[in-house]
Amino acid sequence: MEPKYDHRAIEEKIYHRWEESGAFTPQINPQKKPFTILLPLPNANDPMHMGHALFTVGDILARYHRMLGDPTLWLPGADHAGIETQYVYEKHLAKEGKSRFDFDRETLFKMVWGFVEKNRELNKNQLKRLGFSLDWTRYHYSLEPQIVENVLATFRKLYHDKLLYRGQRLVNYCPRCGTAFSELEVDYQERSDFLYYLNYGPVSVATTRPETIFADTAVAINPKDKRYLKLPGQQATIPLLNLTIPIITDPAIDIKFGSGALKVTPGHDPLDFEIGSRHHLPVISIVDRAGRLDFSDPRFNGLREKAILETLSGLKIPAAREKILELLVKSGALIKKEPLTHAVGICYRCGTVIEPLLLPQWFVKTKSLAEPAIAAIKTGKTKIVPQKRFAKMYFDWMENIKDWNISRQIVWGPRIPVWYCLDCNAEIQIGFISSRGEKVSGPYRVLKENYPFAEISRGLQTLIAPQDAVYQLEPGPCQKCHSEQTLQETDTFDTWFLSGQWPLTTLGYNVAHPEESSGDFEYFYPTSVLDTLWDILFFWVGRMMMFGLYLTGEAPFRVIHLHARVVDRTGQKMSKSRGNVIDPIIMVDKYGADALRMALTAGVTPGGDIALSEEKIIGYRNFANKIWNMGRFLSSDKIKKDLTAKSPGDAALELLVKNLVRQTTDYLRTYRFGQAAEELYRVTWHELADKYIEEYKKGLLSYSVLKNSYLTILKLLHPFIPFVTEAVWDQFSPEKLLISTSWPPIHRTDKI
RNA sequence: GGGCACUUAGCUCAGCGGUAGAGCACUGCGUUUACAUCGCAGCUGUCAGGGGUUCGAAUCCCUUAGUGCCCACCA
């Protein structure tokens, strides 16, 4: 053995031996209860970051249970990650001077597909570098045909169960990404802005968005506002347009804010939309999907001041705001402005200000899905660890859940399986690339005069069907008028609609014919533990709970374990912009996978933060070296003495090891990995090495007890630092891999 | 605006009713049969502040302050 542990010479070989031994693939044995974990599916295009390295916790659980003798499945996979991936790919396109608008959707989809396929292997290999004992024979990808087939079947089932609807309402739209999002994908940012007071005739209103005044349909005040008792029933006047709108009362108005009067703009503000629907106000849209002012709504026809609108038409929001303020000043309608700090919704992906837009979208009714998901946690059928911190967060979200917008206006993902007949829905808005390469858009009614259906279909980019459009759930001719001219919905699924069914789809559940589900599903579902970061508790965990219960009646996990988040040594979140990112693969190259795994495990509190630094990793690299050298010492022929001799010092060491076995096992059972790792570190180094090996050198201990203690501790350490323990184990018992040995028995009665 | 959690040695954290703990860092010393990616010895604290319960509180209760996080329609 070399005097230094060289992870480079060892890790890859050992991983191969594990894989070839079949240890990662469980034997289905109906007599035994399986242990199942799903790897939180990484994005297929994502190079590994520390978040992925934290799945060490899953590996610890998998290796521990494998050693306990449980048929253990740790199932890997990759997610197509809709918007994330398309965003990354668009940045590549931008480097070549192109954009998504230059391609029809089929071509673009194929291009992204090729891009992802190139990266998918990389991701797999990086997971292997960490030593993760994943069953690669069961690897899945979210876009493989069987998975997509099941997801579409779920869509149809939701439809038939009346849990799905097409709704026209304000959605969170990112003009940059060109798609709507659910409320979870909107971040809020504090911004310094201005609050503008505008003269609306009998009242002044305060607004941060003067550019939306043309879409106002009322002014609202609080019915309890004593200043304005005489106003209700009167008319207010929109500046510049000199249009009158009613003054209404609504309890949602904050008397103390601004002037206490709100301009109600149902087409461009969520609160206003609600107020508008309570009072049956008309909804006017004046912003298009590129974030520009657009006054094509017929309600603007015939206005005397239409010239003003014409000068503004087509301006992007920030420019439009400037221009309108100028006009307001000129007309004397701007009373005053005052600074205001407020939260602005931005796209979580690209940071663009979210524009609430009125769009027809597909929604899932979530209330009845959330109820069993709440009950599963309340009754303890599924436990959240750490409970006190995260169960409340879970309940808060589930109990106030909103209907889920699953429509995304991107190409990278399966299209929603709905078909529109163009002859029945001539007002469908279509965008496509003609055979001559021009970008063409408009209602089908107009387009069909100049373009044959085949050309539109081939070059299709997007379609927007009116809310009341006629549709069917099957491809092929229209079931109503038998027209052959049908087009599939161009909205794709929210990624989480697919990944929310991951426990079912990867284990071979058959949504359309549950009785034909695979043996894997029967055996491994529900899974034992889900280990993930709390930041996707709602996105992913909540949805899996809902889908699992909805489709199978059983919650997908017995335990949801939420692990810590990696921050730098000063407690700052790691991010590219802060420049404090530590690349796990570089760390594995430099110090070995064991060192990184241990640094991510030891001393970590459940659900807290992990303060990671290169120094910490170096510390655990030294630990791996220590274990290596202990093995080197104990396996060298020079030091081996009488193998049968007993010594008075033996009992103390035997007791120490027994207690360590009990303690480690207890910690693992209660998900206290941080303490388990620290205790193992301390006892291995400062007790076994510093104390007992030194005593052995003085002849106070027998060789067999020392060696057996060491081997037992190797077993305990193996889930945490699998490579060095396996390498050194090989010096003592080459006939059997450490990964396949059994966990040491526990002696409960022994106390120190 | 609601809610949750946290505040213990320079750092990261255990302890959760009975005389303050670990690792790292630090300071000395040291190359003795693995390991200098090492060993030995040592130093370090009004357990955030205040009040209460108790024979006894870092541990239970109240309160103040700070930090982190989640939720929410601040126009």
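Each chain gets a letter, A, B and so on, in the order the sequences are listed, and its residues count up from 1. Because only heavy atoms are used, hydrogens play no part in the values below, and waters and symmetry mates are left out as well, while side chains stay in.
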Practice task
Go through the N and O atoms of the side chain of A/Lys256 and the base of B/A75, and report whether any donor-acceptor pair is under 3.5 Å.
Solution key: no
Practice task
Give a yes or no on whether a salt bridge exists between A/Lys4 and A/Glu2, defined as a side-chain N under 4.0 angstrom from a carboxylate O.
Solution key: no
Exercise for the section: Would you check if the side chain of A/Asp650 reaches a backbone N or O of A/Leu701 as a donor-acceptor pair within less than 3.5 Å? Expected result: no
Problem - Side chain of A/Leu262 - closest among B/U33, B/C70, B/A75 - result: B/A75
Practice task
Between A/Ala611 and A/Tyr5, name the one whose nearest nucleotide on RNA chain B is closer to the 5' end.
Solution key: A/Ala611
Practice task
Would you mind reading off the distance between A/Glu274 atom CD and B/A75 atom C1', rounded to a whole angstrom?
Solution key: 13 Å
Problem - Heavy-atom check, side chain of A/Arg621 versus side chain of A/Tyr5, under 4.5 Å - result: no
Exercise for the section: Return the nucleotide paired to B/A14: Watson-Crick means purine N1 to pyrimidine N3 with N6-O4 or O6-N4, wobble means G-U with N1-O2 and O6-N3, both under 3.5 Å. Expected result: none
Handout entry: base_contact_polar (B/C35 base, A/Lys626 side chain, donor-acceptor, <3.5 Å)
Key = yes
Practice task
Report yes or no: is there a donor-acceptor pair, N or O only, under 3.5 Å between the side chain of A/Glu2 and the base of B/A34?
Solution key: no
Practice task
Kindly indicate whether a cation-pi arrangement holds for A/Lys707 with A/Tyr696, taking the cut-offs as under 6.0 Å to the six-membered ring centre and within 45° of the axis.
Solution key: no
Exercise for the section: Counting Watson-Crick and G-U wobble pairs only, both distances under 3.5 Å, name the nucleotide matched with B/A41, or none. Expected result: B/U27
Problem - Whole-Å C1' distance, B/A20 and B/G56 - result: 15 Å
